[in-house]
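Report on one structure; see the data block that follows.
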Amino acid sequence: MPILANNPNRKTWIPTPEKTDFPIHNIPFGVFLTRDDIITIGTRIGDTAIDLGAMHQLGYFDGIPLTDDIFLQDTLNDFISDGQKTWRLVRNRISEVFDIENETLKNNEDHKSIILFSLDEIEMQLPVQIGDYTDFYSSKEHATNVGTMFRDPENALMPNWLHIPVGYHGRSSTIIPSGIPVHRPMGQTFPKGSETPIFGPSKLIDFELEMAFITTDANKFGEPIPIEKAEEHIFGMVLFNDWSARDIQKWEYVPLGPFLAKSFASSISPWIVTLDALEPFRCKGPKQDPKPFPYLSLEGEHSFDIKLEVDIVTPEGVATTVSNSNFKYLYWSMAQQLAHHTVNGCIVNSGDMMGSGTISGPTPESYGSMLELAWQGTKPVTLNDGSERKFIQDNDTVVMRGFCDKNGQRLGFGEVSTKLLPVFEPKSIKNK
């Protein structure tokens, strides 16, 4: 089925900023609370949010096999379960309705008043109910940097790293949308020079610049997903800040890997950009040596040229861009990650989320974490107000952005913005 929504010559009748992340060629999907306190599934063009539930009720999706309530839910899980054919039909129809040449909704003021919202009239929600979350470790540069810091620089990569997409099962209950603040976690650490562990606030809070993909119902129990079919089961992608407490992690991760150091919070951008929308920005990933096993081998372009930026914003509001990276640096592709995840028969469901792992590039300014940017605190990062950061401080805000830009065509993910608050303090309970 052709992806008509990707026509680069298509223009829209909705007023749209010139360099918006959300042109008519994007058509991402999200969930938002409207001005009438109604939760709906929607999309976005420019700075206008579009209520897909209202569009469906008013007949704009006639001819597409959709249940009456498919967009009247508080998550995208059921819509994602309908599969790639339905996603394409819906995106194509949206692009037709909002095409500058289509007068149907454009000249219907009553319908527009029900369907269209300005961004200040909505509140974005978590777009999917995340049943399971897996975090991969797929940046060769990041893995090499961490291995150099903590192990033998001559053998920075673990023996398995070049053979399998390494990952671990994370926790989905603390994945939150952009705008929700995070508290500095408490935990056990083993400070340098100490003879015993101590308990207290983490002192080394870090961001991890990642992206994550959302799956549909992909397989039956015991059924591997062939790598050539893997991308058919990927709905779309979000920006992903996988917060990390480095001092807690260092003490706890042997022998079973990250635990409390990672499960306290992970932040995502609220709009899911479909894999279909990203088609024009495909590219090849890094050369893989040694050649992967056949179940992981796939020819062609299976990465995406997505530019990534990270800002640290001080409590006073001074922003500094500290990282410029790119999704294409990842050694293991999403298709390889999903094929490996299911090669043992593991079930993947609608709304499951797979994190890429920290995305670092080949140069210091492209590193995707403060651990690398400040190199374990030995090279503090200077911000635009003259202050320095080795790690994230209380009341700092971390903002991540991602966008594609090729041959004059641009689309993006918006941002994921999260403020780090001090340690949570329960309110005292007073006797009545």
Side-chain angles (χ1 to χ4, degrees), residues 19 21 135-143 145-146 175-182 184 204-212 237-246 249 262 264-271 273 304-330 355-377 379-405 410 412-421:
K19 290 190 175 182
D21 278 356
D135 195 26
F136 285 95
Y137 190 52
S138 291
S139 165
K140 185 178 181 181
E141 289 81 3
H142 174 69
N145 287 339
V146 173
I175 297 177
I176 55 175
S178 177
I180 303 296
V182 169
R184 181 178 295 272
L204 307 181
I205 297 297
D206 200 356
F207 63 79
E208 289 189 346
L209 173 60
E210 301 193 26
M211 298 196 74
M237 300 173 67
V238 293
L239 300 169
F240 190 55
N241 181 358
D242 195 18
W243 291 90
S244 184
R246 298 295 184 188
Q249 184 175 352
K262 303 301 291 292
F264 68 97
S266 299
S267 307
I268 68 170
S269 53
W271 294 105
V273 177
F304 296 88
D305 185 359
I306 305 172
K307 298 175 177 63
L308 300 169
E309 301 173 345
V310 183
D311 283 6
I312 295 176
V313 184
T314 66
E316 294 74 30
V318 178
T320 306
T321 300
V322 296
S323 177
N324 287 279
S325 194
N326 197 301
F327 182 78
K328 68 182 180 182
Y329 294 143
L330 287 176
S356 63
T358 304
I359 303 170
S360 292
T363 57
E365 62 272 13
S366 64
Y367 294 164
S369 67
M370 290 300 293
L371 179 68
E372 297 163 274
L373 290 165
W375 206 258
Q376 276 189 287
K379 301 176 181 178
V381 175
T382 302
L383 305 186
N384 286 334
D385 65 353
S387 63
E388 293 184 338
R389 294 292 187 276
K390 298 178 180 179
F391 289 92
I392 305 303
Q393 297 182 4
D394 287 349
N395 298 308
D396 283 347
T397 298
V398 176
V399 181
M400 296 180 177
R401 295 179 295 272
F403 62 95
C404 307
D405 194 348
R410 175 190 168 113
F413 296 77
E415 66 179 33
V416 53
S417 175
T418 316
K419 186 174 185 177
L420 178 65
L421 299 179

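From a predicted model like this one, the values you see are computed outputs, not experimental measurements. Just the heavy atoms: all of them, side chains too, but no hydrogens, waters or symmetry mates, feed the values below.
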Any side-chain heavy-atom pair of [X] and [Y] under 4.5 Å:
| X | Y | value |
| --- | --- | --- |
| Val322 | Phe207 | yes |
| Leu383 | Ile312 | yes |
| Lys262 | Asp242 | yes |
| Asn395 | Leu421 | yes |
| Val310 | Met370 | no |
| Ser369 | Arg246 | yes |
| Val398 | Leu420 | no |
| Ser138 | Ser356 | no |

Given 3.5 Å as the limit, does a donor-acceptor pair link the side chain of [X] with the main chain of [Y], or not?
| X | Y | value |
| --- | --- | --- |
| Thr358 | Gly368 | no |
| Ser269 | Glu415 | no |
| Asp206 | Leu371 | yes |
| Ser366 | Ser325 | no |
| Thr320 | Asn384 | yes |
| Asn326 | Ile306 | yes |
| Asp385 | Ser387 | yes |

Closest approach of [X] and [Y], non-hydrogen atoms and distance?
| X | Y | result |
| --- | --- | --- |
| Asp21 | Gly414 | OD2-N, 3.0 Å |
| Ser417 | Thr397 | OG-CG2, 3.4 Å |
| Met211 | Ile359 | N-CD1, 3.8 Å |
| Ala319 | Asp311 | CB-OD2, 4.1 Å |
| Val273 | Gly412 | CG2-O, 3.5 Å |

If you measure from the Lys or Arg side-chain nitrogens to the Asp or Glu carboxylate oxygens, is any gap between Asp405 and Lys19 under 4.0 Å?
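Judged by the 4.0 Å cut-off on N to carboxylate O distance, Asp405 and Lys19 do not form a salt bridge.
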
Lys/Arg-Asp/Glu bridge criterion (N-O < 4.0 Å) met for Arg184, Asp394
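Salt bridge flag = yes for Asp394 with Arg184.
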
Option among Tyr329, Tyr367, Tyr137 that satisfies the ring pair (Phe, Tyr, Trp, His ring centres under 6.0 Å) test with His142:
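Filter result, single survivor: Tyr137.
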
Evaluation steps, salt bridge (charged side-chain N to carboxylate O under 4.0 Å, His left out), between Lys419 and Asp396
CA-CA 6 Å; Lys419 186 174 185 177; Asp396 283 347; over 6 Å; no

Name all residues meeting the salt bridge (charged side-chain N to carboxylate O under 4.0 Å, His left out) criterion together with Glu365; count only those two or more places apart in sequence or in a different chain, and write none if there are none.
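Once residues adjacent in sequence are excluded, Glu365 has no partner under the salt bridge (charged side-chain N to carboxylate O under 4.0 Å, His left out) criterion.
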
